[in-house]
Amino acid sequence: MPASRSGLAAGSSTVPSSPAADSTGDCPAVTPAMSPPKTADAPSDNESEIEAFPLLVVAGLSGAGKSTVLHVFEDLRMVTADGVPPSLLPDMVTLLRESSRTRFQGMAFGLDQRRGEFSEEMHEAFERLSARGLRPQLIFLEADPGVLMRRYATTRRPHPLERDGVGLEQAVKEEMEQLAPVRESADLLFDTSSYSIHDLRRVIQRRWKSSRERLRAIKVNLVSFGFKYGVPREADLVFDLRFLPNPYFVEKLRPLTGKDKAVASHVFGEPSGKLFRKRLIDFLTFLLPLYDVEGRYRLTIAIGCTGGRHRSVAMTEALAKALTRQDYAVSVEHRHMELG
């Protein structure tokens, strides 16, 4: 496969093997390796157009972190699939691309590399995509052979190329030779030798969030509950609303829930309710990006009142609207609403 292939931008960038922090201290920085330079913070005009709805293909050495990278892209609300035969890639992209634009933020595919003519098949697939006006970015992950062998020794899983007469060391060497043409044609190279799983998550998140800050990797689960039924065990943060005025003691509001406007008006009509709602939203607006930067992919926030029917439900609904407007992926569960 030629180093500058049709259907992909020429030149590549690489992530350094040592996870030195960037100027913000958040995660390892992407640095240019060849011209024309590409960086995570300043994509070219053409690259910006691609990243409006990125189409990414993930390849690389077994054990270098391909599965982790695809999981991060899934957390970034992209359509993902692994083990895709290269010959099927163009049709899959065509089939899923338009139907996914309204619900997802891009597409990322891991290819089946066990095929004997993998590099040639992938080249043909990219040519077909190019003919359809689509320009995927090829991401290649690698690591030092010694690191890959230690990882396989730790997990006790066989390398895909291990077989009778071929041990782990030889299998790693063979794969490096087989994938050399793919590596040479990659847009981005990630050397994960010194990365933990969390390091790799952070650098991928930062690279693909830099041009579109609205992509939030962290998912927020909001759970309303009643203290008399017990605090949700999976909660990371718990807020007690039993200091707010209780609609239960208003006869006409008692049969309603916090999802009803009359109950919400009662809860937030008092200065205490209105001010607490504002300060809680401000607090979460400050806190969630910090969790996001650290690679946290899920945060469960539990909002409780006595029975879990009125105050906690009203506050949970208010938080869901506020965080959704900030482009967080929010799920809502009213655990005890029908019991309170």
Side-chain angles (χ1 to χ4, degrees), residues 21 24-27 67-78 80 105 195-206 208-209 213-244 257-259 264 267-268 272-340:
T24 64
D26 292 342
C27 62
S67 297
T68 296
V69 169
L70 286 169
H71 289 155
V72 176
F73 286 138
E74 183 178 3
D75 292 343
L76 287 170
R77 287 180 276 167
M78 294 188 186
T80 62
Q105 306 290 356
Y195 289 175
S196 68
I197 289 178
H198 301 296
D199 292 330
L200 183 56
R201 285 186 61 89
R202 281 193 290 270
V203 76
I204 294 295
Q205 288 172 359
R206 186 178 186 277
W208 270 270
K209 288 173 61 180
E213 287 298 330
R214 67 191 183 88
L215 293 180
R216 309 279 191 175
I218 192 169
K219 298 179 180 179
V220 182
N221 300 329
L222 299 176
V223 182
S224 69
F225 72 98
F227 276 96
K228 69 179 182 180
Y229 300 111
V231 178
R233 296 180 62 182
E234 72 274 24
D236 299 297
L237 301 173
V238 178
F239 296 95
D240 184 351
L241 303 189
R242 288 176 291 184
F243 65 92
L244 295 178
T257 73
K259 300 178 72 172
V267 173
F268 301 124
S272 58
K274 184 181 299 184
L275 182 59
F276 182 77
R277 177 181 61 184
K278 179 183 183 303
R279 292 191 174 179
L280 182 54
I281 292 172
D282 289 344
F283 174 67
L284 294 177
T285 299
F286 163 77
L287 185 64
L288 289 175
L290 301 181
Y291 279 112
D292 204 7
V293 164
E294 285 302 308
R296 185 71 175 263
Y297 64 93
R298 181 187 300 111
L299 191 74
T300 299
I301 303 172
I303 312 295
C305 60
T306 304
R309 182 177 180 85
H310 298 108
R311 293 167 289 182
S312 61
V313 172
M315 186 65 73
T316 298
E317 291 289 319
L319 292 179
K321 291 179 181 178
L323 296 179
T324 299
R325 284 195 294 267
Q326 297 179 38
D327 293 298
Y328 286 99
V330 180
S331 65
V332 174
E333 178 188 354
H334 298 302
R335 183 161 298 181
H336 302 141
M337 185 173 69
E338 299 302 326
L339 302 177

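For the single chain, residues carry numbers from 1 onward in sequence order. In this text, all values refer to a predicted model and were calculated from it rather than measured experimentally.
Residues His334 and Arg309 are not in side-chain contact: their nearest non-hydrogen atoms beyond the backbone lie 4.5 Å or more apart. A 4.5 Å side-chain heavy-atom check between Leu76 and Gln105 finds every atom pair outside the cut-off.
A salt bridge links Arg202 with Asp199: the closest approach of a Lys/Arg side-chain nitrogen to an acidic carboxylate oxygen falls below 4.0 angstrom.
In summary, of the residues considered (Arg298, Glu333, Glu234), a side-chain contact (heavy atoms from CB on, under 4.5 Å) with Asn221 occurs for Arg298 alone.
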Arg325 and Lys321: CA distance, side-chain angles, deciding distance, side chain to side chain contact (heavy atoms under 4.5 Å, CB included) verdict: CA-CA 6 Å; Arg325 284 195 294 267; Lys321 291 179 181 178; 4.0 Å; yes
Using the side chain to side chain contact (heavy atoms under 4.5 Å, CB included) rule, take Val223 and Thr316 through it: C-alpha gap first, then chi angles, then the decisive distance, then the call. CA-CA 7 Å; Val223 182; Thr316 298; over 6 Å; no
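Among residues two or more places apart in sequence or in another chain, the side-chain contact (heavy atoms from CB on, under 4.5 Å) test is passed with Leu299 by Ile218, Asp236, Leu237, Leu288, Tyr291, Arg296, Ile301.
Scanning both residues, Ala322 and Ile281, for their nearest heavy atoms gives CB-CD1, 3.8 Å. The two residues Ala318 and Arg277 have their closest heavy-atom pair at CB-CD, 3.9 Å. Across Ala302 and Ala235, no two heavy atoms sit closer than the pair CB-CB, 3.7 Å. Residues Pro232 and Arg335 come closest through the heavy atom pair CB-NH1, 3.4 Å. Nearest heavy-atom pair, Leu244 versus Gly273, reported as atom, atom and distance to 0.1 Å: CD2-CA, 3.5 Å. Lys228 and Gly307 make their closest contact through CE-CA, 4.0 Å (heavy atoms, listed as atom of the first residue, atom of the second, distance).
In this structure, CG on Asp240 lies 8.0 Å from OG1 on Thr306, to the nearest 0.5 angstrom. To the nearest 0.5 Å, the span separating CE on Met337 from NE2 on His310 amounts to 10.0 Å. Note that CZ of Arg311 is 14.0 Å distant from OG1 of Thr257, once rounded to the nearest 0.5 Å. Taking CG of Leu222 as the start and OH of Tyr328 as the end, the distance is 12.0 Å to the nearest 0.5 Å. Atoms OH and CG, on Tyr195 and Leu200 in that order, are 7.5 Å from each other to the nearest 0.5 Å. Here the straight-line distance linking atom CG of Leu241 with atom CG of Leu280 works out to 8.0 Å at 0.5 Å rounding.
For Phe276 and Phe268, the ring centers are positioned 6.0 Å apart or more. Taking the six-membered ring for Trp and the full ring otherwise, Phe225 and Phe227 have centroids separated by under 6.0 Å.
Crowding of Ile197 atom CD1: a count of heavy atoms from other residues, nucleotides or ligands under 6.0 Å not exceeding 12.
With Tyr229 contributing its side chain and Leu339 its backbone, the two residues share a donor-acceptor pair below 3.5 Å. Side chain of Arg201 to backbone of Thr68: no donor-acceptor contact under 3.5 angstrom is found.
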